[in-house]
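Atom set for the values below is all heavy atoms of this structure, side chains included, hydrogens, waters and symmetry mates excluded. These numbers were taken from a predicted model, which means no experiment stands behind them.
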Amino acid sequence: MEEVPEALQRLVRALERANVKYVVVGGVVAVHYGRVRTTQDLDVVVDAEEVNSLAVELEREGFEFSRRDLEEAFRERGRVTLYLPGSVLFHVDLKFARDRLDYEVLKGRVRGELFGVECWVESVEDVVVAKLVYGGAQDEEDVVAILMNKGISDRMKEKAGEFGVLDRLCGIAEMLGLRC
């Protein structure tokens, strides 16, 4: 995980210089909220008005990517992978906001510090709900760890209800001895 702070710092500088609305999501945010695990990537959701300044700033920060793939991801509201030179395994998954959950995560973002880098971070409620919506086994383990460290809030339950995962949230909470 020693590559994370450098990549995150470069990514944040590029996104903020390009005036892109962004939020860091996924595994590194789960670590931030108390999950002990490693990750080989940074996940970020962005809402950009145009793609050229974003491409210029990412290149300026040393990220390697296909400009064609970035432009296609922008048009199709998809994702693109960014690499840093010399990093074989670690990468950044940049996803253009596409659906209601993406925009909700952007709306609910909070300013925080990840690995010593000040940036926009997915709220605890949104990371739990997103992991339940998209959920695989690793996501559910992240939710368990986050709930054990942060508990369950009324806002988390409300958001889980909005996205149809309240039963899953309450089932996990009850398993942990938490009221839902």
Side-chain angles (χ1 to χ4, degrees), residues 1-15 22-46 61 63-65 78-99 101-102 104-106 108-153 155-157 159-160 163-180:
M1 296 250 299
E2 60 271 355
E3 294 168 309
V4 173
E6 179 187 352
L8 182 59
Q9 183 66 56
R10 289 179 181 206
L11 181 65
V12 167
R13 277 195 307 256
L15 294 172
Y22 73 92
V23 60
V24 180
V25 300
V28 296
V29 176
V31 170
H32 175 69
Y33 289 126
R35 169 80 153 113
V36 177
R37 74 170 173 100
T38 59
T39 184
Q40 292 296 319
D41 68 356
L42 272 173
D43 298 297
V44 62
V45 174
V46 300
E61 285 298 331
F63 286 101
E64 295 176 345
F65 57 94
R79 65 178 62 234
V80 65
T81 302
L82 313 173
Y83 299 93
L84 281 173
S87 180
V88 179
L89 297 175
F90 187 80
H91 61 277
V92 174
D93 284 327
L94 186 142
K95 177 185 179 192
F96 289 93
R98 177 184 194 142
D99 59 25
L101 185 54
D102 292 337
E104 185 68 25
V105 167
L106 280 161
R109 68 191 182 150
V110 294
R111 197 70 178 173
E113 190 175 292
L114 292 177
F115 304 99
V117 178
E118 189 175 317
C119 59
W120 289 105
V121 180
E122 189 174 23
S123 73
V124 69
E125 295 86 3
D126 287 332
V127 73
V128 166
V129 170
K131 285 187 169 290
L132 291 173
V133 168
Y134 298 128
Q138 176 111 310
D139 292 317
E140 193 161 305
E141 291 173 14
D142 289 347
V143 169
V144 167
I146 292 168
L147 293 181
M148 287 174 51
N149 283 290
K150 298 294 184 182
I152 187 168
S153 67
R155 182 68 183 130
M156 188 182 294
K157 290 187 285 189
K159 282 191 171 205
F163 287 93
V165 292
L166 181 59
D167 287 344
R168 287 190 61 210
L169 175 65
C170 289
I172 294 169
E174 289 172 16
M175 177 187 74
L176 299 172
L178 302 172
R179 284 185 61 162
C180 189

* Asked: Considering residues at least two apart in sequence or located in another chain, which fulfil the side chain to side chain contact (heavy atoms under 4.5 Å, CB included) criterion with A130?
  -> L101, E122, Y134
* To do: Please tell me if the side chains of L84 and F63 come closer than 4.5 Å, counting only heavy atoms from C-beta onward.
  => yes
* Where do E64 and P85 come nearest, in terms of heavy atoms and distance? -> OE2-CG, 3.5 Å
* Shortest non-hydrogen separation from A30 to K131 and the atoms involved -> CB-CE, 4.1 Å
* Do you know which two heavy atoms are closest between A160 and V129, and how far apart they sit? -> N-CG2, 3.6 Å
Residues 164-180 side chain polar contacts: donor-acceptor under 3.5 Å, at least two apart:
unit_1	atom_1	unit_2	atom_2	d
R168	NH1	L132	O	2.5
R168	NH2	E140	OE1	3.1

* Set of salt bridge (charged side-chain N to carboxylate O under 4.0 Å, His left out) partners for D102, sequence neighbours left out -> K95
* For residues M156 and K150, determine if any side-chain heavy atom of one lies less than 4.5 Å from a side-chain heavy atom of the other. => no
* Please name the pair of heavy atoms, one in C119 and one in V12, separated by the smallest distance, quoted to 0.1 Å. => CB-CG2, 3.5 Å
* Hey, are the side chains of F65 and V92 touching, using non-hydrogen atoms and a 4.5 Å cut-off? -> no
* To do: Pick out which of V44, L114, D41 makes a side chain to side chain contact (heavy atoms under 4.5 Å, CB included) with V28.
  => L114
* Roughly how far, to the nearest 0.5 Å, is the CZ atom of R37 from the CD atom of Q138? -> 4.0 Å
* Any salt bridge between E104 and K159, counting N to O under 4.0 Å? -> yes
* To do: Check the pair E61, R13 against salt bridge (Lys or Arg N to Asp or Glu O under 4.0 Å), reporting the backbone distance first and the verdict last.
  => CA-CA 8 Å; E61 285 298 331; R13 277 195 307 256; 2.8 Å; yes
* Can you name the nearest heavy-atom pair linking F115 to V31, along with the distance? -> CZ-CG1, 4.4 Å
* Asked: Listed by chain and number, what are the side chain to side chain donor-acceptor pair (under 3.5 Å) partners of R79, not counting sequence neighbours?
  -> none
* Looking at side-chain heavy atoms only, is the closest gap between V29 and D126 below 4.5 Å? -> no
* Write down the atom of A97, the atom of L106, and the distance for their closest heavy-atom approach. => CB-CD1, 3.7 Å
* salt bridge (charged side-chain N to carboxylate O under 4.0 Å, His left out) involving D43 - partner list, sequence neighbours excluded -> none
* salt bridge (charged side-chain N to carboxylate O under 4.0 Å, His left out) partners for R109, two or more places apart -> none
* To do: Please examine the side chains of K157 and I152, heavy atoms only from C-beta on, and report whether any two atoms are closer than 4.5 Å.
  => yes
* To do: State whether the side chain of D139 and the backbone N or O of G136 hold a donor-acceptor pair below 3.5 Å, judged by distance alone.
  => yes
